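Owing to the predicted nature of the structure, the values given are computational and were not obtained by experimental measurement. Throughout, numbering of the chain's residues begins at 1 and tracks the sequence.
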Amino acid sequence: MPAKLSVNLNAVAMLRNRRDLPWPSVTGLGRIALQAGACGLTVHPRPDQRHIRFSDLPEIRALLDDEFPGREFNIEGFPTEEFLALVEEHQPEQVTLVPDDPAQATSDHGWDFAGQGGFLKPVIARLKKQGFRVSLFADPDPDQVPAAAALGADRIELYTGPYGGCHDDSEKASIELEKLGKTADAAAAHGLGVNAGHDLTVANLPALARRMPELCEVSIGHGLTADALEYGMAETVRRFIRACEG
């Protein structure tokens with residue numbers, strides 16, 4: 001089965017937030033993405049609400065429940081008590097835990113599973129007890145996979161930023177792709193599902209999908225939103241779905 005596409009709405013929300021106006025509509029463009037075949041929607045509600053606002057969460061949850069039952073809501077973030085309360089209130093199908101400092105512009109590294117396992121394990125247990133699928137943001141490093149698997153999460157999400165950054169260097173891209181592939185292989189061997197996200201595009205996604213047949217889901221926001229300005233949201237989603245097929 002090809003990897004599923006979850007559309008990250010952060011960039012849409014950031015564009016909306018440039019003005020105190022309700023457009024572009026986060027839920028409106030989310031609806032178009034789902035109508036075009038996206039498997040779900042992803043958001044990262046940061047404490048400063050610089051893109052997704054806390055008030056967006058009930059509207060996205062209602063959109064999925066009322067119009068697209070069976071599609072998934074993925075909420076990602078650093079597991080502060082405030083974040084966990086948002087998750088518990090809005091009941092996503094998947095929670096992706098990322099080791100972001102609030103001041104970071106975007107996610108740029110995975111967890112240190114061995115060093116931060118004591119912090120993560122009770123958080124994961126709390127989320128799993130409520131029925132959420134839990135994914136952990138991970139660097140492309142197969143040696144970290146055993147420690148990640150021991151924490152009780154369902155999946156890892158591979159940070160693909162270094163791979164996406166090689167858009168003008170095919171040799172370096174091949175090296176980064178193999179790091180991701182070996183980490184995905186290790187994850188599968190340890191019973192973990194594999195997601196991926198960050199700087200993925202229609203151009204670099206097919207090679208990733210071919211190298212990682214176990215890939216469950218990709219979460220894509222910036223590149224997808226940029227393409228939507230040119231092709232429209234619906235056609236862009238269709239393009240990315242085709243790219244997921246390799």
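Here the closest non-hydrogen pair linking A187 and V194 is CB-CG2, 3.7 Å.
Taking the side chain as every heavy atom from C-beta outward, V145 and F113 never approach each other to under 4.5 Å. D185 has its side chain within reach of E214: a pair of non-hydrogen atoms, C-beta onward, lies under 4.5 Å apart. Between P58 and H90 the shortest side-chain heavy-atom distance falls below 4.5 Å. Using a 4.5 Å heavy-atom cutoff, the side chains of I75 and L86 are not in contact.
With salt bridges taken as basic N to acidic carboxylate O contacts below 4.0 Å, none links R133 and E93. Using a cutoff of 4.0 Å between basic side-chain nitrogens and carboxylate oxygens, R242 and E245 are not scored as salt-bridged. Between K182 and D143 no salt bridge is recorded (no basic side-chain N to carboxylate O distance below 4.0 Å). The residues E81 and R126 are annotated as salt-bridged, a charged nitrogen and a carboxylate oxygen being separated by less than 4.0 angstrom.
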Q | Derivation of the side-chain contact (heavy atoms from CB on, under 4.5 Å) call for V87 and Q130 | A | CA-CA 10 Å; V87 165; Q130 297 179 72; over 6 Å; no
Q) Yes or no on side-chain contact (heavy atoms from CB on, under 4.5 Å) for F137 and L97, after CA distance, side-chain angles and deciding distance? A) CA-CA 6 Å; F137 208 53; L97 302 180; over 6 Å; no
Q: In sequence, state the C-alpha distance, the side-chain angles, and the governing distance for N8 and V43, and then conclude on side-chain contact (heavy atoms from CB on, under 4.5 Å).
A: CA-CA 6 Å; N8 189 314; V43 297; 5.9 Å; no
Q. Given L34 and L63, is the side-chain contact (heavy atoms from CB on, under 4.5 Å) satisfied, shown in steps?
A. CA-CA 10 Å; L34 294 165; L63 170 68; 4.1 Å; yes
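Separating the CZ atom in R16 from the CD1 atom in I52 is a distance of 6.5 Å, to the nearest 0.5 Å. Once rounded to the nearest 0.5 Å, the distance linking CD of E217 with OG of S6 reads 5.0 Å. Going from atom CG of N195 over to atom OG1 of T42 covers 9.0 Å, rounded to the nearest 0.5 Å. Put simply, CG on L180 and CG on L215 are 10.0 Å apart, with the number rounded to the nearest 0.5 Å. With rounding to the nearest 0.5 angstrom, the CZ atom of R46 is 7.5 Å from the CG atom of D48. In this structure, the separation between CD1 on I156 and CG on L151 is 11.5 Å, given to the nearest 0.5 Å.
The aromatic rings of H44 and H51 sit perpendicular to each other, their planes meeting at more than 60°, with 30° as the lower class boundary. Taking the six-membered ring where the residue is Trp, W111 and F119 present tilted rings, their angle falling between 30° and 60°.
Under 3.5 Å, the side chains of N74 and T96 contain a donor-acceptor pair of N or O atoms. With hydrogens and angles left out, the side-chain atoms of N17 and R53 include a donor and acceptor closer than 3.5 Å.
Cluster membership check: V26 shares its hydrophobic cluster with F54, using side-chain heavy-atom separations under 4.5 Å among Ile, Leu, Val, Met, Phe, Trp and Tyr.
Evaluation of the salt bridge (Lys or Arg N to Asp or Glu O under 4.0 Å) rule for D65 yields R61 as partners, not counting sequence neighbours.
Between F78 and F83, the distance separating the two ring centers is not shorter than 6.0 angstrom.
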